[in-house]
**Student:** 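Quick one: structure below, then a few questions.
Only this structure's heavy atoms are used, side chains among them; waters, hydrogens and symmetry mates stay out. Note that the coordinates shown come from a computational prediction; the quantities given were computed from them, not determined experimentally.
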Amino acid sequence: MGAVTRREILPYVFLTHLETQKFKTGTVQINLLTQLTRETAAKNAILPRILLRGTARYPDLRALRQAMDDLYGANIEPTIRKKGEIQCVGFCASFVDDACLPEGEGILAQITALLGEILLDPSTQNGQFQADYVDQERENLLDEIRGRINNKGSYAVSRLVELMCDGEDFSTFRLGTEQEAADIDTETLTTHYKSLLSAAPVEIFYCGSATVDQLEQVLTAALKTLPRGEPDYAMGTQIRLNALEATPRYFTEELDVTQGKLSLGFRLGDCLDNPNWAAISLFHYLYGGSVNSKLFLNVRERLSLCYYASSILEKAKGLLLVASGVAFDKYEEAKSEILAQLRAIAEGEITDEELLWAKKALMTDLELTRDEPRQLEEFYLQQTILEVDYDLDDLIAMVEQVDVKEVMKIAQGVELDAVYFLKGEEEVS
């Protein structure tokens, strides 16, 4: 794997470049970064879908897909993510790497030019988005927002976040709310699109055989009409170190479910003052982030209190979330044992074997990141948002050096903030 280079190629347009001939497929990811808010999240989420319906030169989906097919079957997908309280709006293009094509038939310049067209020169009518495209994609977005309830496990975690972080931007679902999505219209969406283009910092990731100078040349050509106004310098994530109240908050909701969904939300605490992400990540893997974790081996396997139990680390917001499926009558017992496993780490009840397996699991996952360009992009985007500049090799080396005391200290500072339980409609509290 080659070295990673980062540079500003246009005003607050940044390129993270990974030169490698490891993959037959090249990748270009463009992200516009903006503050995550309830009022704008749905508008941001629908924009890549609208832009991929057509451009001025390729005015409909069929013509645009044909243009991609002509570039050896290139593919461009919309992406919407939230990293802390920053919403990442963009596209990911995957295409045959120029190194795998006959000499003189490279398509890097064409694919980046097409990305520029999609972003900057959409199909319009009277200066606004095509009304039928907006109507269709609004319904698709509403279906996706409504459909999140179909996966009860992920729904329970998202409800925990909404309730636990009420009053914080992080409570907003990455696709926005049903109400805000339903209110989207052509005129306001077009106005919002122009504002976003002007103010949003842009993060571009490339993985492939081209040099950084080649990338800068084709990208600056593709984005030469990108408007640049004043960026939102206040954009970022507010991190709360400690729980909101002196005692944890409890929330219970009812749905027609046969299995309870128990989710616990923790604030990571004082370790975020000067975060050691290698130690924090290892703590997460030891607690619930792997099949060798304490939650998996003890709460699920040994005690059979949960159908599943794992932790989710939200680095950019400083949260640790536990997701579990439990029998309704095992709620108290399961909750107590989930908290007991956290106390065990805080008190140093960690065997050498447990620490070793957690390190191996974490380092294996980091190594596997090298094999997937999309995961590499995810890693480096997160590094940018966390404002850390070390690469995968550095992080793996840091993980190897973490000791038990560092993991214990992190666990000792973690605070339970909220508990959410999704139960069956006939169950009692």
Side-chain angles (χ1 to χ4, degrees), residues 83-84 157 160-161 164-165 168 170 237-244 246 248 263-299 309-324 335-366 379 382-383 385-390 392 394-419:
K83 297 288 185 182
V157 173
L160 167 69
V161 168
M164 171 182 170
C165 299
E168 301 172 63
F170 193 72
T237 299
Q238 292 186 345
I239 294 180
R240 182 186 296 277
L241 299 182
N242 308 110
L244 182 65
S263 301
L264 289 78
F266 302 87
R267 307 281 179 168
L268 285 176
D270 293 342
C271 68
L272 295 177
D273 278 335
N274 185 24
N276 177 344
W277 290 114
I280 293 170
S281 298
L282 185 59
F283 155 72
H284 158 58
Y285 268 64
L286 184 62
Y287 182 47
S290 73
V291 294
N292 297 302
S293 67
K294 284 186 175 290
L295 290 185
F296 186 90
L297 294 179
N298 293 301
V299 184
S310 62
S311 60
I312 303 160
L313 180 61
E314 293 282 358
K315 287 184 177 180
K317 181 60 179 173
L319 301 182
L320 182 75
L321 310 173
V322 170
S324 68
K335 175 171 67 71
S336 296
E337 193 57 38
I338 288 169
L339 295 174
Q341 295 304 318
L342 178 61
R343 287 195 301 273
I345 298 176
E347 293 168 4
E349 296 176 21
I350 306 166
T351 67
D352 291 341
E353 185 179 54
E354 285 178 317
L355 189 66
L356 176 63
W357 280 109
K359 284 187 176 183
K360 283 188 174 181
L362 175 53
M363 289 190 291
T364 296
D365 284 350
L366 291 173
F379 174 82
Q382 177 136 284
Q383 295 295 89
I385 289 174
L386 293 176
E387 297 182 347
V388 294
D389 59 4
Y390 48 78
L392 270 171
D394 296 329
L395 183 55
I396 291 170
M398 291 162 64
V399 170
E400 286 187 294
Q401 299 303 313
V402 176
D403 60 30
V404 169
K405 289 184 179 179
E406 291 175 288
V407 174
M408 287 173 58
K409 187 174 181 181
I410 291 166
Q412 289 162 5
V414 171
E415 292 188 13
L416 178 64
D417 194 350
V419 178

**Student:** With a 6.0 Å cut-off (strictly less than), is the heavy-atom count around CG of Asp273, excluding the residue itself, greater than 12?
**Tutor:** yes
**Student:** Would you say that more than 12 heavy atoms from the other residues, nucleotides or ligands in this model lie under 6.0 Å from the CD of Gln238, or not?
**Tutor:** no
**Student:** Out of curiosity, Met164 CE to Leu321 CG, how far, rounded to the nearest 0.5 Å?
**Tutor:** 6.5 Å
**Student:** Show the nearest heavy-atom pair for residues Leu282 and Val407, with the distance to one decimal.
**Tutor:** CD2-CG2, 4.1 Å
**Student:** Should we count CH2 of Trp357 as having more than 12 external heavy atoms under 6.0 Å?
**Tutor:** no
**Student:** Whether the side chain of Gln401 engages the backbone of Met398 through a donor-acceptor N/O pair (distance < 3.5 Å, no angle test) should be reported.
**Tutor:** no
**Student:** How close do Leu295 and Ala309 get, heavy atom to heavy atom, and via which atoms?
**Tutor:** CB-O, 4.1 Å
**Student:** Checking Glu415 side chain against Ala243 main chain: does a donor-acceptor pair fall under 3.5 Å?
**Tutor:** yes
**Student:** To the nearest 0.5 Å, how far apart are CG in Leu268 and CD1 in Ile410?
**Tutor:** 8.0 Å
**Student:** Working to the nearest 0.5 angstrom, can you tell me the gap between Ile338 CD1 and Tyr287 OH?
**Tutor:** 6.0 Å
**Student:** Evaluate Gln341 against Ser293 for side chain to side chain contact (heavy atoms under 4.5 Å, CB included), listing each step before the verdict.
**Tutor:** CA-CA 10 Å; Gln341 295 304 318; Ser293 67; over 6 Å; no
**Student:** Roughly how far, to the nearest 0.5 Å, is the CG atom of Leu160 from the CG atom of Leu264?
**Tutor:** 7.5 Å
**Student:** More than 12 heavy atoms of other residues, nucleotides or ligands under 6.0 Å from CG of Asp403: yes or no?
**Tutor:** yes
**Student:** Decide side chain to side chain contact (heavy atoms under 4.5 Å, CB included) for Phe266 and Leu339; before the verdict, give the C-alpha distance in whole Å, the side-chain angles of both, and the deciding distance to 0.1 Å.
**Tutor:** CA-CA 11 Å; Phe266 302 87; Leu339 295 174; 3.8 Å; yes
**Student:** What closest approach, in Å, do Leu241 and Arg267 show between heavy atoms, and which atom pair accounts for it?
**Tutor:** O-CB, 3.4 Å
**Student:** Hey, mind stepping through Ser290 and Asp365 against side chain to side chain contact (heavy atoms under 4.5 Å, CB included) and telling me if it holds?
**Tutor:** CA-CA 10 Å; Ser290 73; Asp365 284 350; over 6 Å; no
**Student:** Please report the interatomic distance CG(Asn242) to CG(Asp270), rounded to the nearest 0.5 Å.
**Tutor:** 6.0 Å
**Student:** How close do Lys317 and Thr237 get, counting heavy atoms only, and between which atoms?
**Tutor:** CD-CG2, 3.8 Å
**Student:** Any idea which heavy atoms bring Ser336 and Arg343 closest together, and the distance?
**Tutor:** O-NH2, 4.4 Å
**Student:** Any sub-3.5 Å donor-acceptor pair from Lys359's side-chain atoms to Glu400's backbone N or O?
**Tutor:** yes
**Student:** If you measure from CG on Leu272 to CD1 on Ile280, what distance do you get to the nearest 0.5 Å?
**Tutor:** 5.5 Å
**Student:** Please test Phe170 against Ile239 for side chain to side chain contact (heavy atoms under 4.5 Å, CB included), starting from the C-alpha separation and ending with a verdict.
**Tutor:** CA-CA 10 Å; Phe170 193 72; Ile239 294 180; over 6 Å; no
**Student:** Which heavy-atom pair separates Gly289 from Ser311 by the least distance, and what is that distance?
**Tutor:** N-OG, 3.3 Å
**Student:** Check whether any side-chain heavy atom of Val399 sits under 4.5 Å from a side-chain heavy atom of Ser281, and report yes or no.
**Tutor:** no
**Student:** Is there a donor-acceptor pair closer than 3.5 Å between any side-chain N or O of Gln412 and the backbone N or O of Ala346?
**Tutor:** yes
**Student:** Tell me if a side-chain donor or acceptor on Gln382 pairs with a main-chain N or O of Lys83 at a distance below 3.5 Å.
**Tutor:** no
